[in-house]
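These notes are about the structure you will find just below.
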Number of protein chains: 2
Amino acid sequence: MCIAQGTLNRVVPRSGAGDPAPEGAVRRFAPHTPIFFQGDLRTHLLVIESGWVKSYVTLVDGQRQIVAFSNAGSVLGLETDVHHASSCEAMTDVTARAIPVSRLEEVCRRDPSLALNLLRQVGRQLGAAQALIASVGAQSAEQKLATFLISMADLSSAAEDEAFDLPMRRGDVAEFLGLRLETVSRKLSDFQRRGWLHMPSLYACVILRRDILEDLADGADLSLRKAS
Amino acid sequence: MCIAQGTLNRVVPRSGAGDPAPEGAVRRFAPHTPIFFQGDLRTHLLVIESGWVKSYVTLVDGQRQIVAFSNAGSVLGLETDVHHASSCEAMTDVTARAIPVSRLEEVCRRDPSLALNLLRQVGRQLGAAQALIASVGAQSAEQKLATFLISMADLSSAAEDEAFDLPMRRGDVAEFLGLRLETVSRKLSDFQRRGWLHMPSLYACVILRRDILEDLADGADLSLRKAS
DNA sequence: CGCGCGGTTGATCAACCTCAACCCGCGTGG
DNA sequence: CCACGCGGGTTGAGGTTGATCAACCGCGCG
């Protein structure tokens, strides 16, 4: 695999040192509620404990680009100084721990392993961001979708050939991959028509031919490949 | 500006605490020499002290995507665990300090301000990566180029209406922005023809109409705007 | 002199976008 | 109960942007 670690933020396995963020108050967010907006003062870091969050940037001409889908373990708010550079919104029920930035330095000095955990986690997020750059910048629509679906499948705990969750709308996928939602819809239909995929509902997905999707993500030209 | 902090990694101002990486041996690299390759074991972190570095990912089908241009202050090697997820190459003469990953934990525990500096720096790099995602995913070719030129100009120490350095080839710009080099060449010619830009040499650039380039980067439709 | 590298320019083409119609499920209110 | 609107999704026709392929330029160098 070229895009070595996938385009999505992932859980960092619990280290022996324990919870990466024992500090801070727990906050809860309902689906589709904003967590903060681009331009807001950055008062807290948020360490996600459960649920899915999307982070996005909106250009002044109204175009939006999702820069990350994040789940448990990811840290929100490290990518900037005083104002948030992106907006964040809960996609599912979300719980997160808040660390006031005013106390970040103190807390890290007192507990160096927290600092190390944050560092490892944000490093991971940087890796995911770079993988997304590669996907968005260098892949075709079909390749992007294949890469994305494989990432989502790997991330989920569902077994091979079991349905996994796609907790985002078509438009979100499009804004994540730098496509239009019509293109996403079309290509998903194509994949199903060709028998590589089955979507029992709008937000659930089974990969039937992972081999083919992987070849596609890696750049094989499957234009001649027949259905099923 | 929407892409708040630009698409490029920037120098972090020296904090009172002093050099972000007083540890480690200095290493030097000549222009166009590789620093490490995608897949290599990650033995060291590198903190750039001077010069420009490009980090890129190559897909198995040979496509390449530059994921970052980095200069002094940036940290290389935090975005992954055991193997490097991208390749790095010196674009100019480069000096950098190497921190063995085996000693990272120990060093950070002994010197929490180093950990905090690394954290702030990698956060910045994450911000730059997200800005690049937004540019590559949501902007047209002209917008990408305008955004890029403004970022480079801001980054350089050159005064307004003075020439600044473009230390990369056309093809590098293209691989950074997710375009083909022909497109970059064409659009740069367009910009000059229209009088927004002057390039005294292949690797130097003067912005003549920053206002227009900014409007363009922000999504204004200048298709009707006449030359000069 | 000839060659290779980096860049520019032109002609053609296709991937993806745009705009629009339409479907379906659902909640609301007459 | 049904009509209606709305949000989200799918599908189709046609247009545009940027990719592709190819020729050509200028320069440095063996």
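Within every chain, numbering begins at 1; the chains are lettered A, B, ... in the order of the sequence lines, protein sequences first and strands thereafter. It should be emphasised that the depicted structure is a prediction, and the values quoted were computed from it without experimental measurement.
- Rounded to a whole Å, the CD atom of Glu182(B) is 16 Å from the P atom of dC24(D).
- In this structure, Tyr203(B) places its OH atom 14 Å from P of dC27(D), rounding to the nearest Å.
- To the nearest 0.5 Å, atom CD of residue Gln139(B) and atom CG of residue Leu216(B) are 8.5 Å apart.
- There is no side-chain donor-acceptor pair under 3.5 Å between Ser70(A) and Gln125(A).
- When the options Leu208(B), Ile212(B), Ile207(B) are evaluated for a side-chain contact (heavy atoms from CB on, under 4.5 Å) with Leu197(B), the one that passes is Ile207(B).
- Heavy-atom contacts of chain B under 4.0 Å fall on DNA chain C between two terminal nucleotides, which in 5' to 3' order are dG6(C) to dA11(C).
- If you measure from atom CG of Leu145(A) to atom P of dT10(D), you get 11 Å, rounded to the nearest angstrom.
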Fill in the blank from the handout: Given Watson-Crick and G-U pairs under 3.5 Å, DNA chain D in dot-bracket ([ ] crossing, | other strand) is ||||||||||||||||||||||||||||||

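- Ring planes of Phe36(B) and His84(B): parallel class, angle under 30° (limits at 30 and 60°).
- Leu181(B) comes within 4.0 angstrom of a base, heavy atoms only.
- No salt bridge links Arg186(B) with Glu182(B); every basic N to acidic carboxylate O contact stays at or beyond 4.0 Å.
- With hydrogens and angles left out, the side-chain atoms of Ser86(A) and Ser55(A) include no donor and acceptor closer than 3.5 Å.
- Listed by chain and number, the residues in a ring-ring contact (aromatic ring centres under 6.0 Å, His included) with Phe191(A) are Trp196(A) (sequence neighbours excluded).
- Put simply, the side chain of Asp172(A) reaches to within 4.5 Å of the side chain of Arg169(A), judged on heavy atoms.
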